[in-house]
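These numbers were taken from a predicted model, which means no experiment stands behind them. In what follows, chains carry the letters A, B, and so on, assigned in the order in which the sequence lines appear, proteins first and then strands, with residues in each chain numbered from 1.
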Amino acid sequence: MDFRIPFGSWVEAGLDWIEDNLDWLFDLLAAVYVALYDAVVWVVATPPAVVVIAVLAVLALAARGWRFGLGTALGLLFIVGVDQWDNAMETLALVVVAAFLAIVVAVPLGIWAARSDRVSAVIKPVMDFLQTMPAFVYLIPAIGLFGIGVAPGIFATVLFALAPGVRLTELGIRGVDREVVEAGQAFGSTPGRILRQIQLPLAMPSIMAGINQVIMLSLSMVVIAGMVGAGGLGGDVTKSLSALDTALGFEAGLSVVILAIILDRFTGAFGMKRGLHLIRRLRARGRADDAATTASSPGATAPSTARDTVAA
Amino acid sequence: MNDDTIALRADGLYKVFGRHADEAVIRLHQGTPRDQLGHGTTAAVIDASFEVRRGEIFVVMGLSGSGKSTLIRMLNGLHEATAGTVEIGGERITDIAPKRLREIRRQRVSMVFQHFALLPHRTVLDNVAYGLEIQGVAKAEREAKAREVTQIVGLAGWEDKLPGQLSGGMQQRVGLARALTADTDVLLMDEAFSALDPLIRREMQEQLLDLQATLGKTIIFITHDLNEAMFLGDRIAVMRDGRIVQVGTPEEILTDPANEYVEQFVQDVDRTRVLTAESVMRKPRAVVHPTAGARGALQVMRDEQLSAVYVTQRDRTLIGWVSDRDALDAVRRGERSLERIVRPDHGAVAHDTPLAELFIPALEAQLPLGVTDARGRLVGVVPRVTLLATLGGEPEADAQASPRPDPLPAAVVDRALEAAVDSGALETKEAI
Ligand SMILES: Nc1ncnc2c1ncn2[C@@H]1O[C@H](COP(=O)(O)OP(=O)(O)O)[C@@H](O)[C@H]1O
Ligand SMILES: [Mg+2]
């Protein structure tokens, strides 16, 4: 006798039903995704590469100091040098859109889970599921729902990258000193006000760590999304794989690494203190050098995080 | 029922954490012991009822885990009571809409926390102004008020610092200032000084008493420290395993503990600061009035085996004391009046003198130390033995005090009295 659970067929049947009945919803989502993507691509790909590099380098300088500014400029120039600039900008646009959408969903979900044990109990296993499922499995139904292109890539990326945003938001809010929240209540503050004035500010480091992870996961997934024709660096990585083109593979791959490090350091900078390097620097003029070294030290672990997630 | 002098009233309060809370209340009510409620059900507060008067410092004292924090959190609705009611200023705050509860918290009751619970990302001034901000007071006005209170608690000059830049004691001053600025009648303080080191703690306690004296707040103060309770409390509620086992003034708790638990608890308190002469004094064995004359006085001392006795007016106003030897000499000399042998240096203390200040007078006095009321009347005496016993001291210490003469042998006195044939009006002892 054959023991066989037709789980796969159930999922398929469920997706078929969704395709038949919620087609309008996915059409709408697809339209939104594509519109957002096109807008971001327009911003980063329209100006000449030099202009974009200059702007990003200046931002990097403001965020973390001259070392990061210089590194950003050199890294981006390398990408131009290996002829991956357009791909890199497409990938960047995918990451920006997907991470933005993931954060917009994840942070409120995390807040909700932090306020209700029941919600938390439901959300936790769902998040575990979303994060541990092998990444490209999402691509299969995504193609079914959206067809080939940018939209399924963004959809799958949002699902895959959601979990740490939700989890670290919930963790951050639950980790806020109970007495401080009680103080808000004891003086008659409303729950919404306690959230805005106490819980969110105090949970911010944790939430920023979550956002950082969302972005890094988005980047790794966006590369995989190259398989479903989402384009960008992922497209070339996929192409090099099927053609066994080592040269192209490493050029595209290294470009991904460079983007990863830049994105990681940028979000890390926001997660550190309040305010950016430049502002702190203006405040404490005489100790500019100290500030630069402390600003770069928390990032010491960042490259490895970047590598791990990119390898995933 | 809405007596104007009652600021807060708790009636039959229960708080049960965990499963089957309501059922547990019924079972507790029927007499089921707290530890037999089953796994996962904690009765943190059981049947707590008390009234706090306006302007009073009401201390709730008990060991860690006895339910103090849970109790105080029911008084402003941070914990919802499982059963029972709380009234603040005559208005019920249990089972009311959240919106109304928030209004009451803004207007009537504020809180100081054990670990300060300041908003770490806001300046001292913003923290102090927090209550007013929530009340919707305009920025300029609330900052002016906050500045004023910050000054009162001694933090002028620190307004723009963040809490993290302050020491523990200063942070709690901010916590206190925040509660005072909210300007509510009732102030809840949960182990507010417990996290501070002892010297700072005493300083804060004194400041709290000062503030309370000028501002007239009603304060409910939680502590596990008996000395703190005794120092601050107008009245003290002692909690044990979720129940209030005794409510009383510090003296009542010390001198008349309701049960063995309270007695154990109060054993290590510094009684000398809490107890006053009044609380340990005894009835004098005897006093004599001037009308008794030398002979009368001598007779009383013989009967009571005393070497000296206090002399008072009929209305008990203390005049002085007389020794048996002086009385004997006077009788032998044939003097009738006490006038010449009464010594005015009676060394009596006021009835509200703390025990700590009785030692020296007690050791110097020739008689058990006299205690007088506000009008100078002798209301009692404190024998050295009593004093030492109250302090748990060694009886031998008494021997080291300045020696007192033994009473004269009765036979000697008898002979002298007989010799003075005359038997005038012998006013004998009159107990007071
Ligand atoms: N939120 C809670 N859930 C379950 N049990 C609690 C909770 N809060 C307090 N308790 C229990 O209630 C009892 C009283 O605690 P608490 O009021 O904090 O005591 P205290 O402040 O006197 O130290 C303790 O046994 C404690 O474990
Ligand atoms: Mg406590």
Practice problem: Could you tell me whether A:Phe100 atom CZ has more than 12 heavy atoms of other residues or ligands within 6.0 Å of it? | Solution: no

Quiz item: Under a 4.5 Å heavy-atom cut-off, does chain A meet the side chain of B:Arg122, its backbone, both or neither?
Solution: side chain

Quiz item: Who are the side-chain hydrogen bond (donor to acceptor under 3.5 Å, both in side chains) partners of B:Asn127, not counting sequence neighbours?
Solution: none

Quiz prompt | Heavy-atom check, side chain of B:Leu119 versus side chain of A:Val180, under 4.5 Å | solution = yes

Quiz prompt | A:Val44: side-chain contact (heavy atoms from CB on, under 4.5 Å) partners, not counting sequence neighbours | solution = A:Met89, A:Leu92

Self-check item: Contact listing (chain A partner; residues 97-117 of chain B; heavy atom under 4.5 Å)
Solution: B:Arg102, B:Arg105, B:Arg106, B:Val109, B:Ser110, B:Met111, B:Phe113, B:Gln114, B:His115, B:Phe116, B:Ala117

Quiz item: In residues 186-199 of chain A, which residues are in contact with chain B at a heavy-atom separation under 4.5 Å?
Solution: A:Ala186, A:Phe187, A:Gly188, A:Ser189, A:Thr190, A:Pro191, A:Arg193, A:Gln197, A:Ile198

Quiz item: Side chain, backbone, both or neither: which part of B:Glu133 has a heavy atom under 4.5 Å from chain A?
Solution: both

Quiz item: Within a radius of less than 6.0 Å around CD of B:Gln151, do more than 12 heavy atoms belonging to other residues, nucleotides or ligands occur?
Solution: no

Quiz prompt | Pairwise distance CG(B:Asp190) to CD(A:Glu179) - rounded to 0.5 angstrom | solution = 7.0 Å

